[in-house]
Protein chains: 2
Amino acid sequence: MNVQSYLIQETVNGILTEISDFQEGEMLVLKDNTLAKKLKVSRTTIRTAITELETKGIVEINGSHKQVLRSPNSSDYFDTSNSVSSKEEIIEKYFLDLINRGKLLPGDKFSELELAKSSGCNTITVREFLIKFSRFGLIEKSPRAKWQMVKFDEKFALELVEFRRILEMNSITQLLAVPEGDAVWSELSELLDKHLAVLEDVENRYTELSELDRKFHFIVQRASDNRFFMQFFDVVSLICHYHYQWNKGDELERNKVALEEHVEIITQLLAHNTSGVIIAMETHLNTAKKTLLRSAHGLE
Amino acid sequence: MNVQSYLIQETVNGILTEISDFQEGEMLVLKDNTLAKKLKVSRTTIRTAITELETKGIVEINGSHKQVLRSPNSSDYFDTSNSVSSKEEIIEKYFLDLINRGKLLPGDKFSELELAKSSGCNTITVREFLIKFSRFGLIEKSPRAKWQMVKFDEKFALELVEFRRILEMNSITQLLAVPEGDAVWSELSELLDKHLAVLEDVENRYTELSELDRKFHFIVQRASDNRFFMQFFDVVSLICHYHYQWNKGDELERNKVALEEHVEIITQLLAHNTSGVIIAMETHLNTAKKTLLRSAHGLE
DNA sequence: TTTTTTATTTTTATATATAATAATCATTTT
DNA sequence: AAAATGATTATTATATATAAAAATAAAAAA
């Protein structure tokens, strides 16, 4: 039997969940229109999924009449945890992994075909992904030439840091204006606890900074409530993360400092101490700048 | 005879220019290696172009020996002024034209195939262009659904204006710090003259604002000397331009005000009056905000 | 030895075809 | 009349093929 597509599998699982409380002897009829609305897919998809359920013996189809025969058990569900919804996800994962493992360094060249072969996608999927990804300013190409990782020099680093400084300073001011009862304050105090927990055992847990850093800056940027700011959150976040990869040398010490700086900012935020927040943030961004510059120089 | 591609035509023209000072009886031999370096194309391209020159009777090919026979006349050159270098340029022109003529309004849907047919490109070219263009935040799509012009509501407008305000305020501060002798100051005073000229005959020339506006804000943003800022100059510029299209009602009055505001900013800039610049810029951005908001409301 | 050329291989750009999914419209059922 | 369905059409996603251009490597010439 041929393997169904991800969407069909997910839809089958969705229908199974819908009918999971079916009782023996009950009269349960499936309407594709209703299911389509509920699962937010087209009726065509629902019908393919119901046909699949018929072969599983869970549903009986009699013309337009689709009746549930038995309640589903766990083996009826498709395991979609390991599948990917599309080729695009495959190449995205594959490419980001290359970056994160330092297989693609600034100045490196690579071709679409090469990526397509090694990732198991076709060239068009790869190409479209690269076009989309080029928005981050990390890769570029000229017509009929190979793609190239952007050379990461001091100027690039300084521009990035300056841009980030302006966006974050603005957002954090907005954040300070958020009223007391808002959910963001409990989010922040939770985040503070997590930071403290990691700091307690920093020798073993210092690598968790990466995730906390992303979360922290996400909360800050989100306060701007501005889609253009958020667009750039992704860009800056990715690029910074990318370049932190290579200074493994003093990673423990560096991460410890960053964690402590986060703690200071969040504490000042929770105390609603405007000038304290600004100063702490300024310090943090300056440290980040130094780190980034060092990583830029390390590559020359 | 089949029409050569744009690149070949341009290369032929390039070689013709190279040998344009050929004298009767002179011994002029073409080396593809040298030409390739000079014209910045590959040797493959040079060889195709030289073959073309042989059929035109300008060059004689004897194995590896390529000798110029006569000096080229103007009819030997290809007219590439009307051709486009690639399909991508076609679709880009076509799509921007649709936008500018108000054929694509917020909320409108359109399909790749539709665009491909009407523009004469294939779907892949269209698709890749749309992916690239979606970076501007003006169009979006969900999987297997049509593309859609983003609904332009008040929130969108406010976010855009706020983002612009932060970027431009920062850039103009940088601009003020540029030393006296820099070329930017003469650029600005030229731009001031152009503004004044248009204002002299504003009833007939008010449509020239669009170009002056782009130039002015470009000079301001460029002062940031930051690629991330510049990326967004394009985005903001396009979106604003797009949305100004529809309030044709008070266009004369509106453009006149904008021109006068530009004059004020540039004057203050040339006088190096920091606070004056800030105030004038603030006023200008507020006017732009009002205009944009009115255009957002007009669409509801 | 260095440069140039020929021949070959890679790579991107473009075109076309098929499959999967969504949307539509006329008809039937409720 | 409203909702649901079947049949059809439209559209995107994916795959494959061909052409144009660039890059490379080995051979030839300077």
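Side chains are part of it too, since the values below use all heavy atoms of this structure and drop only hydrogens, waters and symmetry mates. Keep in mind that this is a model prediction, so the values were computed, not measured. Every chain is numbered from 1, with letters handed out A, B, ... down the list of sequences.
In this structure, Arg127(B) reaches the dA13(D) phosphate: one of its side-chain N or O atoms is under 4.0 Å from OP1 or OP2. Note on Arg47(A): every side-chain N or O is 4.0 Å or more away from OP1 and OP2 of dA7(D).
Side-chain atoms of Glu112(A) lie closest to dT12(C) of the nucleotides dA15(D), dT11(D), dT12(C). Considering only the side chain of Asn33(A), dT5(D) comes nearest among dT5(D), dA15(D), dT12(D). Taking only side-chain atoms of Ile124(B), from C-beta outward, the nucleotide of dT12(D), dT12(C), dT16(C) with the closest atom is dT16(C).
Gln148(A) places no side-chain N or O within 3.5 Å of a backbone atom of Glu140(A) that could act as its donor or acceptor partner.
Rounded to an integer number of Å, the gap from Asn62(B) CG to dT4(C) C1' is 17 Å. Going from atom CG of Leu35(B) over to atom C1' of dT5(C) covers 14 Å, rounded to whole Å. The CD1-C1' distance, from Ile46(B) to dA23(D), rounds to 15 Å in whole Å. With rounding to whole Å, Glu10(B) atom CD is found 12 Å from dA21(D) atom P. Remark: C1' of dT5(D) and NZ of Lys37(A) are 13 Å apart, rounded to the nearest angstrom. Atom NZ of Lys117(B) and atom P of dT16(C) are 13 Å apart (whole Å). In this structure, the NZ atom of Lys66(A) is 12 Å from the P atom of dA4(D), given to the nearest Å. Atom CD in Glu128(B) sits about 14 Å away from atom C1' in dT12(D), given to the nearest Å.
Here the two rings, on Phe110(B) and Phe95(B), have centers that are under 6.0 Å apart.
Among residue pairs with one or both ends in residues 33-45 of chain A, those qualifying as salt bridge (charged side-chain N to carboxylate O under 4.0 Å, His left out) are Glu18(A)-Lys38(A); sequence neighbours excluded.
A side-chain N or O of Ser42(A) and one of Thr45(A) form a donor-acceptor pair less than 3.5 Å apart.
Nearest heavy-atom pair, Glu52(A) versus Phe78(A), reported as atom, atom and distance to 0.1 Å: OE2-CZ, 3.8 Å.
The 5' end of DNA chain C is approached more closely, in terms of each residue's nearest nucleotide, by His65(B) than by the other of Thr123(B) and His65(B).
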| message | How would you summarise protein contacts on nucleotides 21-30 of chain C per nucleotide, using B for base, S for sugar-phosphate only and - for none, with heavy-atom distances below 4.0 Å? | response | SBBB------
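Atom CD of Glu211(A) has 12 or fewer heavy atoms from other residues, nucleotides or ligands within 6.0 Å.
Figure legend: cation-pi geometry between Lys132(A) and Phe133(B) absent, as NZ or CZ is not positioned both under 6.0 Å from the six-membered ring centre and within 45° of its axis.
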